[in-house]
Amino acid sequence: MSKNLRALAATACYQVVDQGKSLSEVLHKAQIELDSPLDKALLQEICFGVMRYLPQLETVCQKLMDKPLVKHLRPLQFLIYVGLYQLKFLRVPDHAAIGETVEAARELKGQSLTGLINAVLRSVQRKPEVFDFQDSPLPVQYNHPGWIITQLQQAYPDNWQQILDENQQKAPLWLRVNQLRTTPEAYLAALAAEGIAASQPFAYLPCALLLEQASDVTLLPGYADGWFSVQDGAAQHAAYFLGARNKDSVLDACCAPGGKTCHILELAPEADVLALDKDPRRLDRVYDNLDRLGLDARVMAADAADPDDWAGFQTFDRILLDVPCSATGVIRRHPDIRWLRKKTDIAPLVELQQQILRNIWPLLKPDAELLYATCSVLPEENQQQIEAFLADHADAQLIPLADSHPQLHWQILPGQQQMDGFFYAKLRKTKR
């Protein structure tokens with residue numbers, strides 16, 4: 001029997017914000033408790049919504065409650081946020097949103113608080129003006145931590161508000177057609193036959209398809225047969241910019257969950273690809289993706305920052321360095337990032353990126369190329385990182401990304417051509 005999905009949503013949000021767990025992890029476990037696909041989808045919608053609007057939901061509660069619920073009652077505080085999100089942002093009938101949320105309190109052992117929860121939610125019905133945040137502090141107006149707002153204001157003084165607004169949008173669904181199994185044209189026809197509309201936004205990336213509406217990807221044509229992968233349009237540029245050829249030796253140095261590894265092999269199926277990741281548990285996803293798509297790579301659990309432990313005498317024609325980063329470019333796709341990431345995380349990440357880039361560079365053959373990538377929008381992880389590396393390495397040359405992108409680096413901002421935020425720069429090792 002399915003559990004109350006509002007109770008599951010409240011517990012999941014509590015685990016993210018108060019316990020620092022990943023929303024992807026807790027949401028997957030919660031969805032297992034539900035039988036209906038529609039209930040699973042609604043659970044995700046509510047959890048994502050609470051993460052997106054948390055400061056405003058907290059502010060409304062401050063207006064309507066004498067004091068927040070604390071300690072063992074914290075999950076019930078998040079249950080109130082769940083109810084508020086439904087009333088303000090979803091088309092769930094008010095009576096159902098309130099009734100189901102109050103009932104969920106009983107499942108969370110909050111029987112004594114059902115009256116309070118009912119009163120708070122009904123107050124919102126009577127006082128919609130409590131959702132007026134025009135004069136509120138910026139973190140409440142824009143639903144982001146203050147430190148992220150400050151970073152964006154400094155880096156993008158002319159369009160920081162636009163970035164914050166884009167982070168509040170629902171990310172679209174992008175697919176990457178596996179050209180070893182079918183063609184973009186054939187797959188577009190297969191989608192059309194199912195009444196699913198899609199487009200090809202990039203002539204130079206014909207396998208990148210943008211769906212007009214989100215869908216359960218496991219129900220799309222050819223999922224089990226490896227006809228496609230789910231990958232944002234920005235991330236699909238990685239293998240394209242890398243430009244690996246058949247017979248090349250290729251290193252994907254921080255590979256999990258394996259989307260870029262698979263794309264490299266789809267474009268160059270005879271390349272010798274070593275897919276590396278520090279976390280052995282994350283490599284399970286890499287193996288799953290390779291198997292579903294019918295691809296073959298050498299997969300290794302190892303630390304890209306310490307190649308002395310694993311590289312031996314290997315050198316590579318192409319290296320993809322999609323380094324660990326703040327993930328500030330993918331907040332719209334993972335809204336919990338804004339609450340999990342802290343300002344104090346940035347400096348250690350920058351140092352780790354420098355270490356990986358510096359230590360991997362000797363593995364690149366002369367005249368060979370390395371693609372540096374992040375899903376960050378922070379300059380210290382991107383342009384500044386590359387500038388610092390070039391200043392210290394006379395044998396490194398910044399080169400155009402591709403014929404279609406002659407720029408020397410590319411900062412994609414969230415929502416740009418409907419893509420996630422990403423950064424790319426391409427380095428060639430000169431013969432010095």
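Each residue takes its place number in the sequence, starting with 1. On a predicted model such as this, the values are computed, not experimentally measured, just so you know. Scope of the values below: all heavy atoms of this structure, side chains included, with no hydrogens, waters or symmetry mates.
Salt bridge present: R332 and D232 bring a charged side-chain N and a carboxylate O closer than 4.0 Å. In summary, K63 and E129 do not engage in a salt bridge, as defined by a charged side-chain N under 4.0 Å from a carboxylate O.
You'll find the side chain of C254 reaches within 4.5 Å of the side chain of P324, heavy atoms only. No side-chain heavy atom of I412 sits less than 4.5 Å from a side-chain heavy atom of Q417. Residues D216 and P37 fail the side-chain proximity criterion, which asks for heavy atoms closer than 4.5 Å. At a threshold of 4.5 Å between non-hydrogen side-chain atoms, the residues L164 and L138 do not count as touching. M300 has its side chain within reach of L274: a pair of non-hydrogen atoms, C-beta onward, lies under 4.5 Å apart. Considering only heavy atoms from C-beta on, C262 comes within 4.5 Å of L290 through its side chain. Residues R106 and T114 are in side-chain contact: their nearest non-hydrogen atoms beyond the backbone lie under 4.5 Å apart. Between L79 and L113, every side-chain heavy-atom pair lies at or beyond the 4.5 Å cut-off.
When all heavy atoms of R6 and A104 are compared, the closest pair comes out as CB-CB, 3.8 Å. For the residue pair R338 and R52, the shortest heavy atom distance occurs at NH1-O, 3.5 Å. Closest approach of K260 to A238, counting heavy atoms only: CD-CB, 3.7 Å. In terms of heavy-atom proximity, D296 sits nearest to L265 at O-CD1, 3.3 Å. Residue A256 comes nearest to D277 through the heavy atom pair N-OD1, 3.2 Å, listed as atom of the first residue, atom of the second, then distance. Of all heavy-atom pairs between E381 and S376, the closest is OE2-OG, 2.6 Å.
How far CZ of R122 is from NE2 of H95: 10.5 Å, rounded to the nearest 0.5 Å. Atom CG of L8 is separated from atom NZ of K40 by 10.0 Å, given to the nearest 0.5 angstrom. One distance of note links OH of Y156 with CD of Q411; it measures 3.5 Å at 0.5 Å rounding. Considering CG of D322 and CZ of F422, their distance stands at 5.0 Å, rounded to 0.5 Å. Separating the CZ atom in R126 from the CG atom in L121 is a distance of 10.5 Å, to the nearest 0.5 Å. With values rounded to the nearest 0.5 angstrom, L64 atom CG is found 7.5 Å from L84 atom CG.
Checked by atom type and distance alone, the side chain of N167 never pairs as donor or acceptor with a backbone atom of P414 at under 3.5 Å. At least one donor-acceptor pair closer than 3.5 Å links the side chain of N178 to the backbone N or O of G226. Formation of a donor-acceptor pair under 3.5 Å by the R358 side chain with backbone atoms of Q353 is not found in this model. Between the Q407 side chain and the L401 main chain, no donor and acceptor come within less than 3.5 Å of each other. Side-chain atoms of Q416 come within 3.5 Å of backbone N or O of L413 as a donor-acceptor pair. In this structure, the side chain of Q56 engages the main chain of V140 through a donor-acceptor pair within 3.5 Å. Distance alone, capped at 3.5 Å, is enough to place a donor-acceptor pair between the Q77 side chain and the L69 backbone. Put simply, the side chain of N159 never gets that close to the backbone of Q162: no donor and acceptor are under 3.5 Å apart. Of the possible donor and acceptor atoms, none in the side chain of W160 sits under 3.5 Å from a partner among the backbone N and O of Q154. E107 contributes no side-chain N or O that, together with a main-chain N or O of E103, makes up a donor-acceptor pair within less than 3.5 Å.
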Practice task
Verify side-chain hydrogen bond (donor to acceptor under 3.5 Å, both in side chains) between R176 and Q236, making sure each step is shown before the conclusion.
Solution key: CA-CA 7 Å; R176 187 190 75 239; Q236 291 193 45; 5.4 Å; no
Practice task
Could you walk me through whether Q168 and Y142 pass the side-chain hydrogen bond (donor to acceptor under 3.5 Å, both in side chains) test, one step at a time?
Solution key: CA-CA 8 Å; Q168 288 298 96; Y142 289 99; over 6 Å; no
Practice task
Would you check, one step at a time, whether the test side chain to side chain contact (heavy atoms under 4.5 Å, CB included) holds for I46 with L90?
Solution key: CA-CA 9 Å; I46 292 174; L90 293 186; 3.9 Å; yes
Problem - Worked verdict on D336 versus S22 for side chain to side chain contact (heavy atoms under 4.5 Å, CB included) - result: CA-CA 7 Å; D336 54 321; S22 161; 4.3 Å; yes
Practice task
Step by step, work out the side chain to side chain contact (heavy atoms under 4.5 Å, CB included) result for L188 and Q200.
Solution key: CA-CA 9 Å; L188 281 168; Q200 293 171 289; 3.4 Å; yes
Handout entry: salt bridge (Lys or Arg N to Asp or Glu O under 4.0 Å) assessment of D272 paired with R298
Key = CA-CA 8 Å; D272 177 19; R298 294 185 290 136; 3.2 Å; yes
Exercise for the section: For the pair L209 and L191, evaluate side chain to side chain contact (heavy atoms under 4.5 Å, CB included) and give the outcome as yes or no after the intermediate values. Expected result: CA-CA 11 Å; L209 305 186; L191 291 174; 4.2 Å; yes
Handout entry: Stepwise side-chain hydrogen bond (donor to acceptor under 3.5 Å, both in side chains) check, E25 with Q15
Key = CA-CA 10 Å; E25 175 189 351; Q15 290 174 330; over 6 Å; no
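Counted within 6.0 Å of CD on Q19, heavy atoms from surrounding residues, nucleotides or ligands total more than 12; the atom is thus considered enclosed. Annotation for Q111: atom CD counts as buried by contact number, over 12 foreign heavy atoms lying within 6.0 Å.
Below 30°, between 30° and 60°, or above 60°: for F241 and H405 the angle between ring planes is above 60°, a perpendicular geometry. Between H237 and Y424, the ring planes are tilted. Angles from 30° to 60° get that label.
When ring centroids are compared, W410 and Y240 stay outside the 6.0 Å threshold.
A side chain to side chain contact (heavy atoms under 4.5 Å, CB included) with L320 is found for one member of L251, T261, D252, L370 and no other, namely D252.
Both tests pass for R292 against the ring of Y223: distance under 6.0 Å to the centre and angle within 45° of the axis.
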